[in-house]
Amino acid sequence: MPVLNDEVPDEGDFDAGRRRGEFDDITPEDFIRGSAGGNPPGWLDSARVGQVRRQVPMVYVEVVPVHTDEFGRIAEIGTLLRVSDDGSVDRTLVAGRVLYHESLREAIARNVAKDLGPLALPALPPNLQPFTVAEFFPTPGLSEFYDARQHAVALCYVVPIAGDCQPQDEALDVEWVDVNGPRLATMLDQMAGGHGRIVQRALAWAE
């Protein structure tokens, strides 16, 4: 029985042994870390990513890390302290691009590990419906969300964290704030680019 070019064949298919395309020797891990022979097909180096950012909207996941109480209610919100390109210290959320050939669930897990460490133990959402979508523009005033680097569409998720968090990558510190405490308003004011509004939407969504 003939099969389509990219169909996964059964053992009995007459052409099950033939090569099917440029991804035959690529594993999912290659799309995240790169391969020994260079970047996988379709992968962009940093210069090309910069060029694409100036021309094409980028897809992001934005994660609001939370600690929950014994009833599953949000008790604390986690934020990151980072040094921005101009040398100032910003407070932000876990966020990152969805990489080529990467699922949303994989993107959430990878970015949590990238920012909070491998022992963060995130509880990935069973439903991939985001609680909100934030559209960041590089031009101030077009949206309540601003990113000087790019036009980005961010799918936003609340992710409970059960493990030990250690700042990774470009993060200086991970700070947790009681959602019912007096420091919450100060934390929201310190979050630039509209990230504080994402936290507010997360809290409203979880009520």
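What's counted below: heavy atoms across the whole structure, side chains too, no hydrogens, waters or symmetry copies.
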Novice: Of all the heavy-atom pairs spanning Ile108 and Pro125, show the shortest one and how long it is.
Specialist: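 Result for this residue pair: CD1-CG, 4.3 Å.
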
Novice: Given the rule in the side-chain contact (heavy atoms from CB on, under 4.5 Å) test, do Ile198 and Phe131 qualify, once you have shown the distances and angles that lead to the verdict?
Specialist: CA-CA 9 Å; Ile198 293 176; Phe131 70 84; 3.9 Å; yes

Novice: Strictly under 6.0 Å, is that where the ring centroids of His151 and Phe145 end up?
Specialist: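 No, the ring centres sit 6.0 Å or more apart.
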
Novice: Side chains of Leu184 and Asp178, heavy atoms from C-beta outward: is any pair under 4.5 Å?
Specialist: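 No - every pair of side-chain heavy atoms lies 4.5 Å or more apart.
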
Novice: In terms of hydrophobic clusters joined by side-chain contacts under 4.5 Å, are Val112 and Val59 together?
Specialist: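 Yes, because Val112 and Val59 connect within a single hydrophobic cluster, where side-chain heavy atoms sit under 4.5 Å apart.
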
Novice: Drop me the distance from Leu203's CG to Asn180's CG, to the nearest 0.5 angstrom.
Specialist: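 Result: 9.0 Å between the selected atoms.
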
Novice: Between Gly163 and Leu121, what is the shortest heavy-atom contact and its length?
Specialist: N-CB, 3.7 Å

Novice: Carefully, step by step, assess Thr79 and Thr92 under the rule side-chain contact (heavy atoms from CB on, under 4.5 Å).
Specialist: CA-CA 6 Å; Thr79 60; Thr92 187; over 6 Å; no

Novice: Decide whether Trp205 and Leu104 are clustered together by the hydrophobic rule: side chain heavy atoms of Ile, Leu, Val, Met, Phe, Trp, Tyr closer than 4.5 Å, transitively.
Specialist: no

Novice: Keeping the roles fixed (side chain from Tyr157, backbone from Leu128), state whether a donor-acceptor pair exists under 3.5 Å.
Specialist: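 Side chain of Tyr157 to backbone of Leu128: a pair is present.
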
Novice: Could you measure the distance from the CG atom of Leu81 to the CG atom of Asp90? Nearest 0.5 Å is fine.
Specialist: 9.0 Å

Novice: Between Glu102 and Arg97, is a side-chain contact (heavy atoms from CB on, under 4.5 Å) present by the stated rule, with each step listed?
Specialist: CA-CA 10 Å; Glu102 180 180 52; Arg97 289 188 296 118; over 6 Å; no

Novice: Looking only at side chains, do Tyr60 and Gln150 share a donor and an acceptor under 3.5 Å apart?
Specialist: yes

Novice: If you measure from CD on Glu144 to CD on Glu135, what distance do you get to the nearest 0.5 Å?
Specialist: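 CD of Glu135 is found 11.0 Å from CD of Glu144.
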
Novice: For Glu106, does its backbone N or O pair with a side-chain atom of Ser103 as donor and acceptor, under 3.5 Å?
Specialist: yes

Novice: Looking at Arg91 and Glu175, does any basic side-chain N land under 4.0 Å from a carboxylate oxygen?
Specialist: yes

Novice: Can you find a heavy atom in the side chain of Asn111 that is under 4.5 Å from one in the side chain of Val63?
Specialist: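 No. Closest side-chain heavy atoms not under 4.5 Å.
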
Novice: For the pair Arg53 and Asp147, find out whether any cationic side-chain nitrogen is under 4.0 Å from an anionic carboxylate oxygen.
Specialist: no

Novice: Give a yes-or-no answer on whether the side chains of Gln200 and Arg197 include a donor-acceptor pair shorter than 3.5 Å.
Specialist: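 No, because no side-chain N or O of Gln200 sits under 3.5 Å from a partner of the opposite role on Arg197.
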
Novice: Honestly curious: do Val94 and Val158 fall in one hydrophobic cluster under the side-chain, below-4.5 Å linking rule?
Specialist: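 No, Val94 and Val158 fall in different hydrophobic clusters.
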
Novice: Out of the candidates Val66, Val177, Leu93, only one should pair with Val199 under the side chain to side chain contact (heavy atoms under 4.5 Å, CB included) rule; please name it.
Specialist: Leu93

Novice: Anything under 30° is parallel, anything over 60° is perpendicular, the rest tilted; go ahead and classify Trp176 against His67.
Specialist: parallel

Novice: List the steps, then state whether side-chain contact (heavy atoms from CB on, under 4.5 Å) holds for Glu62 with Phe136.
Specialist: CA-CA 12 Å; Glu62 188 110 6; Phe136 291 82; 4.1 Å; yes

Novice: Supply the atom-to-atom distance Leu80 CG to Asp173 CG, rounded to the nearest 0.5 angstrom.
Specialist: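 Here the rounded value is 9.0 Å.
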
Novice: Between Val179 and Glu76, is there a side-chain heavy-atom distance shorter than 4.5 Å?
Specialist: no

Novice: Using the salt bridge (Lys or Arg N to Asp or Glu O under 4.0 Å) rule, take Arg82 and Asp115 through it: C-alpha gap first, then chi angles, then the decisive distance, then the call.
Specialist: CA-CA 10 Å; Arg82 282 191 175 133; Asp115 288 335; 2.6 Å; yes

Novice: Using a 3.5 Å distance criterion without hydrogens, assess whether the side chain of Gln51 forms a donor-acceptor pair with backbone atoms of Arg48.
Specialist: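 Flag not set: sc Gln51 to bb Arg48 has no pair under 3.5 Å.
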
Novice: As an exercise, state the distance from CG of Leu116 to CD of Gln166, rounded to the nearest 0.5 Å.
Specialist: 10.0 Å

Novice: Can any side-chain N or O of Thr132 pair as donor or acceptor with the backbone N or O of Cys156 at less than 3.5 Å?
Specialist: no

Novice: In Å, rounded to the nearest 0.5 Å, how long is the span from CD1 of Ile74 to CD of Glu207?
Specialist: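 Atom-to-atom, Ile74:CD1 and Glu207:CD are 9.0 Å apart.
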
Novice: Find out whether Val159 and Val64 are in side-chain contact, i.e. whether some heavy atom of one side chain is under 4.5 Å from a heavy atom of the other.
Specialist: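 Side-chain contact under 4.5 Å: no.
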
